[in-house]
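Notes to accompany the following structure.
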Protein chains: 2
Amino acid sequence: MIVYALTQGKKRYVQLKQEIVGVSPKMLIQNLRNLERYGLVEREVYLSVPPRVEYSLTPLGASLMEPLAILGEWAYRHITDVKTAMEHYDRNPETSDYWQPK
Amino acid sequence: MIVYALTQGKKRYVQLKQEIVGVSPKMLIQNLRNLERYGLVEREVYLSVPPRVEYSLTPLGASLMEPLAILGEWAYRHITDVKTAMEHYDRNPETSDYWQPK
DNA sequence: CTGTATCCGTGTCGATACTG
DNA sequence: CAGTATCGACACGGATACAG
């Protein structure tokens, strides 16, 4: 989701926090740090008051955009299928023929 | 990796275990069960001695093949980039200008 | 052959409070 | 504004042993 949000260009910490709804500061930072570590995201600090930090995709990160978009498209189109599959899933030997089909 | 292995058609438990090198029975089963729960993989039991169980992709699972292949292709091409990025990564304030750029 | 059971270390994530 | 610190719950994964 971070990579996806950054496809639109540089974003500040607060912007990311607002766009990725429900994310805690901890998780956002944690994942930003990981993406940075992997060389997918770049962090730019501006020494000012108040502080400003901008995140952006590296070339490597940008190269991930398309594969990610394709996977995201799949997820978007099939999420309901997965949900209904999970609702109907039954592995209880008492109520399903999972273990001992007759 | 399971989905990828099953793109070539039905496979038995042992076949998967052999093709996915180093996987423990626990993890293989755990992930097979999850994929089943999500409706991506189908499990077929043949009551015989010795028992035979075949796993195959559902239509939903098959629809994931292409997105997954694209992502896999990206990973294969950029894995070395990520590795070198991780080697050079330095967040120590003493040795990097990460926190207080001069 | 096709799994299950158990122990155990580590990673992930939410929630909450706090800070330069 | 841009994070850090801490706690606790849970999932993941390896290792090993065992079972129908």
Side-chain angles (χ1 to χ4, degrees), chain A residues 1-6 9-38 40-57 75 82 86 89-94 96-102, chain B residues 1-6 9-38 40-57 75 82 86 89-94 96-102:
Chain A
M1 296 176 72
I2 293 174
V3 172
Y4 180 73
L6 289 179
K10 289 188 182 183
K11 296 250 174 96
R12 302 181 57 172
Y13 175 82
V14 225
Q15 289 180 276
L16 291 173
K17 194 156 166 32
Q18 286 162 0
E19 291 184 22
I20 302 172
V21 180
V23 72
S24 67
K26 177 188 162 185
M27 289 317 303
L28 182 54
I29 285 296
Q30 197 170 99
N31 284 290
L32 280 169
R33 294 286 183 268
N34 281 334
L35 291 172
E36 226 191 322
R37 191 156 55 97
Y38 304 150
L40 300 174
V41 161
E42 203 170 16
R43 180 178 184 265
E44 242 176 318
V45 186
Y46 298 89
L47 290 184
S48 57
V49 183
R52 188 161 107 250
V53 177
E54 286 182 352
Y55 294 93
S56 57
L57 292 180
V82 173
M86 289 185 66
Y89 186 72
D90 178 17
R91 269 202 55 213
N92 188 334
E94 305 295 329
S96 78
D97 57 359
Y98 190 91
W99 294 104
Q100 297 299 334
K102 285 148 200 168
Chain B
M1 297 176 71
I2 293 174
V3 173
Y4 180 72
L6 289 179
K10 289 188 181 185
K11 296 253 173 93
R12 300 181 58 171
Y13 176 82
V14 226
Q15 289 180 277
L16 290 172
K17 193 155 165 34
Q18 285 163 357
E19 292 184 21
I20 303 173
V21 181
V23 72
S24 66
K26 176 187 163 183
M27 290 319 301
L28 182 54
I29 284 296
Q30 197 172 100
N31 284 291
L32 280 169
R33 295 287 184 269
N34 280 333
L35 291 172
E36 225 190 324
R37 191 157 55 98
Y38 304 149
L40 299 174
V41 161
E42 204 170 14
R43 179 177 184 265
E44 241 177 319
V45 186
Y46 297 87
L47 290 184
S48 57
V49 182
R52 188 162 107 248
V53 178
E54 285 181 353
Y55 294 93
S56 57
L57 291 181
V82 173
M86 288 185 66
Y89 186 73
D90 178 19
R91 270 202 56 213
N92 188 333
E94 305 295 328
S96 78
D97 58 359
Y98 190 92
W99 294 106
Q100 297 299 332
K102 283 149 200 168

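Because the structure is a prediction, the values reported are computed rather than measured. Every chain is numbered from 1, with letters handed out A, B, ... down the list of sequences.
At a threshold of 4.5 Å between non-hydrogen side-chain atoms, the residues B:Val41 and B:Leu57 count as touching. At a threshold of 4.5 Å between non-hydrogen side-chain atoms, the residues A:Ile2 and A:Leu28 count as touching. Between B:Leu35 and B:Leu6, every side-chain heavy-atom pair lies at or beyond the 4.5 Å cut-off.
Rounded to a whole Å, the CG atom of A:Leu28 is 16 Å from the C1' atom of C:dA15. Between A:Asn34 atom CG and C:dC13 atom P the separation is 9 Å, expressed in whole Å. As rounded to whole Å, 12 Å separates atom P of D:dA5 from atom CD1 of A:Ile29. Rounded to whole angstrom, the span from the CD atom of B:Glu54 across to the P atom of C:dC1 amounts to 14 Å. Remark: P of D:dC1 and CD of A:Gln15 are 11 Å apart, rounded to the nearest angstrom. Between B:Tyr46 atom OH and C:dT2 atom P the separation is 12 Å, expressed in whole Å. Per the geometry, CD1 belonging to A:Ile20 stands 15 Å off C1' belonging to D:dG3, to the nearest Å. Straight-line distance from the CZ atom of A:Arg37 to the P atom of C:dG11: 10 Å, rounded to whole Å.
Between the CD atom of B:Glu54 and the NZ atom of B:Lys11 there is a distance of 11.5 Å, given to the nearest 0.5 Å.
Within a 6.0 Å sphere centred on OH of B:Tyr4, other residues, nucleotides and ligands contribute 12 heavy atoms or fewer.
Comparing C:dT2, C:dG3, D:dC12 by their closest approach to the side chain of B:Gln30 singles out D:dC12. Closest to the side chain of A:Pro51, from the set C:dC13, C:dG20, D:dG3, is C:dG20. Out of D:dG3, C:dG3, D:dG20, the shortest distance to the side chain of A:Arg43 is found at D:dG3. Closest contact between the side chain of A:Lys26 and the listed nucleotides D:dA5, D:dG3, C:dT2 involves D:dA5.
If you check every strand for non-hydrogen atoms under 4.0 Å, B:Lys17 touches nothing.
Regarding contacts with the backbone of C:dT4, every side-chain N or O of B:Tyr13 stays at 4.0 angstrom or more from both OP1 and OP2. Proximity of B:Arg33 to the phosphate of C:dT4: a side-chain N or O atom is located under 4.0 Å from OP1 or OP2. OP1 and OP2 of C:dT2 both lie 4.0 Å or more from every side-chain N or O belonging to B:Arg52. Remark: B:Arg12 is not in phosphate contact with C:dC1, judged by side-chain N or O atoms under 4.0 Å from OP1 or OP2.
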